[in-house]
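Notes follow once the structure below has been shown.
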Protein chains: 2
Amino acid sequence: MVKNTRKKQLHVSTLQDVARDAKVSTATVSRCLNSPNQVAEATRTRVMEAVSKLEYTPNFGAKAMAENRTFTIGAIIPTMENAVFARGLQAFQDTLHKRGYTLLVASSSYSSDLEQEQMRTLISRGVDGLLLIGHDRHASALQYLEKRNIPTLVTWAYEPAAALPSIGFDNYAAMQSLADRVFQLGHKNIGMISAQIKSNDRARARVLAVQDMMTNNGLDKAHLKLIETEYDIEKGAIAFETLIKNSDPPTMIFCGNDVLAVGAIRSAHKLGLNVPKDVSITGFDDIELAKIVIPELTTVHVPHQEMGNKAAVALVDMVENKSSPLLKPLEAIVKFRNSLAAV
Amino acid sequence: MVKNTRKKQLHVSTLQDVARDAKVSTATVSRCLNSPNQVAEATRTRVMEAVSKLEYTPNFGAKAMAENRTFTIGAIIPTMENAVFARGLQAFQDTLHKRGYTLLVASSSYSSDLEQEQMRTLISRGVDGLLLIGHDRHASALQYLEKRNIPTLVTWAYEPAAALPSIGFDNYAAMQSLADRVFQLGHKNIGMISAQIKSNDRARARVLAVQDMMTNNGLDKAHLKLIETEYDIEKGAIAFETLIKNSDPPTMIFCGNDVLAVGAIRSAHKLGLNVPKDVSITGFDDIELAKIVIPELTTVHVPHQEMGNKAAVALVDMVENKSSPLLKPLEAIVKFRNSLAAV
DNA sequence: GAATTAAATGTAAAAGCTTACATTTTGTTG
DNA sequence: CAACAAAATGTAAGCTTTTACATTTAATTC
């Protein structure tokens with residue numbers, strides 16, 4: 001006979017142990033735990049006593065195998081360095097926890113390749129559902145999700161026509177309403193500091209909204225002075241300096257996010273420029289920084305918390321009911337503060 | 001014969017399938033995947049072809065059960081709303097990923113009870129190791145960890161005598177060196193805005209350092225004007241206002257973290273007070289805000305990234321080698337900027 | 001080329017849970 | 001109280017891997 005000699009370091013009690021202690025079968029114990037109303041009161045209390053006496057906790061692997069699910073949800077976000085993602089994730093996790101799910105976190109560093117690798121990792125870790133940011137990814141990634149049949153929800157973007165359902169706001173529309181206002185204020189010479197546009201549909205939509213505003217108002221979008229840079233205050237400052245030292249400096253600079261905008265404002269300060277008198281600056285996200293900086297930043301408020309909560313609800317629903325969520329964009333409203341003024 | 005009629009929605013291939021396709025036993029396939037050098041070149045390529053042809057991915061639950069481990073690490077942090085935790089967690093996750101582990105995240109909202117519940121959840125999810133913040137928790141929680149034999153590491157604090165090993169900095173010592181400097185600058189009438197002290201050893205250590213500084217310098221620590229409040233800019237502002245409207249307002253206010261400090265500075269601004277001329281303010285953490293606010297904030301720099309990375313390395317080591325990490329505190333250095341001046 | 005050793009592969013138990021179906025117990029009704 | 005239904009419990013298969021040990025195949029030595 002083949003004998004398995006692997007030694008357990010310490011004994012963790014199993015269903016068997018509980019069953020033996022309570023003098024019932026393992027099936028009854030299992031039922032006590034998973035559908036308690038199917039078992040008689042007296043038996044149930046006896047079993048539950050044994051459970052707590054033996055400090056029984058179901059073995060995760062066994063349960064996962066038997067049920068073919070893990071009550072685990074994966075999320076792949078660009079980075080938690082970005083406060084707005086971190087907070088959205090916090091809300092997502094909170095709601096998940098209320099629904100009895102745990103959160104597996106991975107980060108993509110804004111790279112679709114890394115994202116795809118992380119997708120595989122999380123899926124092989126048995127997640128029941130997956131949360132992704134934005135719609136930008138290889139077709140192969142979508143195919144993979146399709147094949148593995150993993151419920152997947154996109155957030156931080158809203159595009160009803162996309163392959164995956166999304167719970168988020170319309171980056172283009174939000175930036176558009178800000179841009180329209182900027183044009184009304186008379187700005188014609190415009191700069192923009194954006195996050196890297198490659199494999200980042202949110203950043204791209206924001207830039208596009210500005211370009212379209214220009215085109216629609218008879219400006220040549222080729223004249224948009226655009227700089228792409230990394231998510232970092234210092235990088236925003238550097239980009240601002242480059243833009244403003246141009247022979248024909250812009251009177252207004254859109255920033256793709258608040259962190260870049262704050263860098264720009266700080267740089268303006270250092271160069272002795274007054275915001276918004278000498279140059280207007282706007283951001284996107286409405287993180288806490290936006291209200292701290294002087295002047296307070298005109299920016300687009302991203303409903304990260306609402307988004308995180310709703311995403312959790314929707315994704316759990318997809319997992320449990322195999323339903324697709326109803327798609328309705330969240331509102332991302334422009335917060336007009338003091339960093340934007342007429343030209 | 002009992003027949004299991006549960007229907008699989010879609011067929012995901014198993015070891016069996018691969019074995020059949022490659023005309024070998026399941027054992028050989030398993031070896032190909034887990035210890036490839038034990039199998040002959042020719043067989044291996046044949047098997048690997050079958051693996052990719054069938055898009056085989058090992059079943060997580062089965063693997064977890066057979067190996068009795070999950071390559072998953074759990075982390076329970078107070079909240080990702082706090083940027084400094086989010087960033088530490090990002091670094092932790094990055095390093096974990098490099099080591100082949102995935103991160104399961106839960107949050108405690110600064111409550112030991114919730115933390116304990118989350119501990120149970122994560123452990124029942126089969127984590128191989130656990131990361132916690134700070135040393136403050138019920139003895140029962142420690143017993144539970146002990147009994148389940150889960151390698152656990154504490155971060156964000158450093159206390160070699162504590163029950164659990166920790167990788168972090170000495171909150172008391174860091175605040176002490178700031179406090180000493182404050183005394184040198186002649187401040188005798190001192191206020192402090194702290195995070196809630198209950199079940200938060202970090203906050204407590206920071207307050208204690210200030211109190212001890214007072215005692216050591218002949219001041220009555222009972223005269224420390226202390227307010228506890230929540231982690232929020234606005235709460236910091238309110239606390240500041242309360243302190244400064246005292247009949248005998250402090251000349252200097254310690255804040256337990258940068259967010260509170262920024263609120264205080266903003267409040268000072270609104271009340272027409274000059275920082276640091278009218279009142280000095282200091283923070284703790286050194287988040288980006290600290291350098292943005294005017295005046296720039298004197299604060300303690302917390303090495304969140306280093307801490308996250310080192311914690312990951314140490315915890316993986318604990319899991320894999322059952323070793324206890326060598327304990328050496330990380331440096332948390334005071335950054336003297338412009339919000340602190342002589343009385 | 002027989003004997004011996006080493007390498008490659010196969011066999012089947014074991015991990016701990018859920019659940020379909022079978023069996024027993026309890027409760028209800030005429 | 002027999003007959004039947006409903007409720008409670010039990011039995012054991014099945015989920016997918018890993019791996020100890022057994023067996024077969026290949027390589028080496030004299």
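Letters go in sequence order (proteins before strands), and every chain restarts at 1. No hydrogens, no waters, no symmetry mates; every other heavy atom, side chains included, goes into these values. Just so you know, these numbers come straight off a predicted model, no measurement behind them.
Residues B:Q16 and B:T26 bring no donor and acceptor atom of their side chains to less than 3.5 Å of each other. A:R148 and B:T57 form a side-chain donor-acceptor contact under 3.5 Å, judged by distance and modelled atom types alone.
For A:T152, the side-chain contact (heavy atoms from CB on, under 4.5 Å) test picks out A:L130, A:L132, A:L145, A:I150, A:L164, with sequence neighbours left out. With sequence neighbours excluded, the residues forming a salt bridge (Lys or Arg N to Asp or Glu O under 4.0 Å) with B:R137 are B:E115, listed by chain and number.
Relative to the side chain of A:E67, the nucleotides C:dG16, D:dT18, C:dT18 differ in distance, and C:dT18 lies closest. Of the candidates C:dT18, D:dT16, C:dA12, D:dT16 carries the atom nearest the A:M65 side chain, counting heavy atoms from C-beta on.
When the side-chain nitrogen and oxygen atoms of A:K63 are compared with OP1 and OP2 of C:dG16, none of them lie within a distance under 4.0 Å.
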Short heteroatom pairs, N/O only, protein and nucleotides 6-9 of chain D, under 3.5 Å:
from  : atom 1 : to    : atom 2 : distance (Å)
D:dT9 : OP1    : A:T43 : OG1    : 2.2
D:dT9 : OP2    : A:A40 : N      : 2.9
D:dT9 : OP2    : A:T43 : OG1    : 3.3

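Residue A:Y56 is in sugar-phosphate contact alone, with no base atom involved, counting any heavy-atom pair closer than 4.0 Å across all strands shown.
Judged as a ring-ring contact (aromatic ring centres under 6.0 Å, His included), the pairs with a partner in residues 99-137 of chain A (not counting sequence neighbours) are, in order, A:F71-A:Y101.
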Would you tabulate the side-chain donor-acceptor contacts of residues 46-54 of chain B under 3.5 Å, counting partners in other chains and residues two or more places apart, or write 'none'?
from  : atom 1 : to    : atom 2 : distance (Å)
B:R46 : NH1    : B:A22 : O      : 2.3
B:S52 : OG     : B:M48 : O      : 3.4
B:S52 : OG     : B:E49 : O      : 3.2
B:K53 : NZ     : B:D21 : OD2    : 2.8

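At whole-Å resolution of the value, CG in A:N34 and P in C:dC17 are 11 Å apart.
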Quiz item: A:N309 and A:Q305: side chain to side chain donor-acceptor pair (under 3.5 Å), yes or no, with the steps?
Solution: CA-CA 6 Å; A:N309 291 137; A:Q305 194 157 317; 4.8 Å; no
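Direction of the helix axis in the helix from C:dG1-D:dC30 to C:dG30-D:dC1 shifts by 30° between the two five-pair termini, rounded to 10°.
In this structure, the side chain of B:S35 does not engage the main chain of B:Q38 through any donor-acceptor pair within 3.5 Å.
Between A:N59 and B:T26, the residue whose closest nucleotide on DNA chain C is further toward the 5' end is B:T26.
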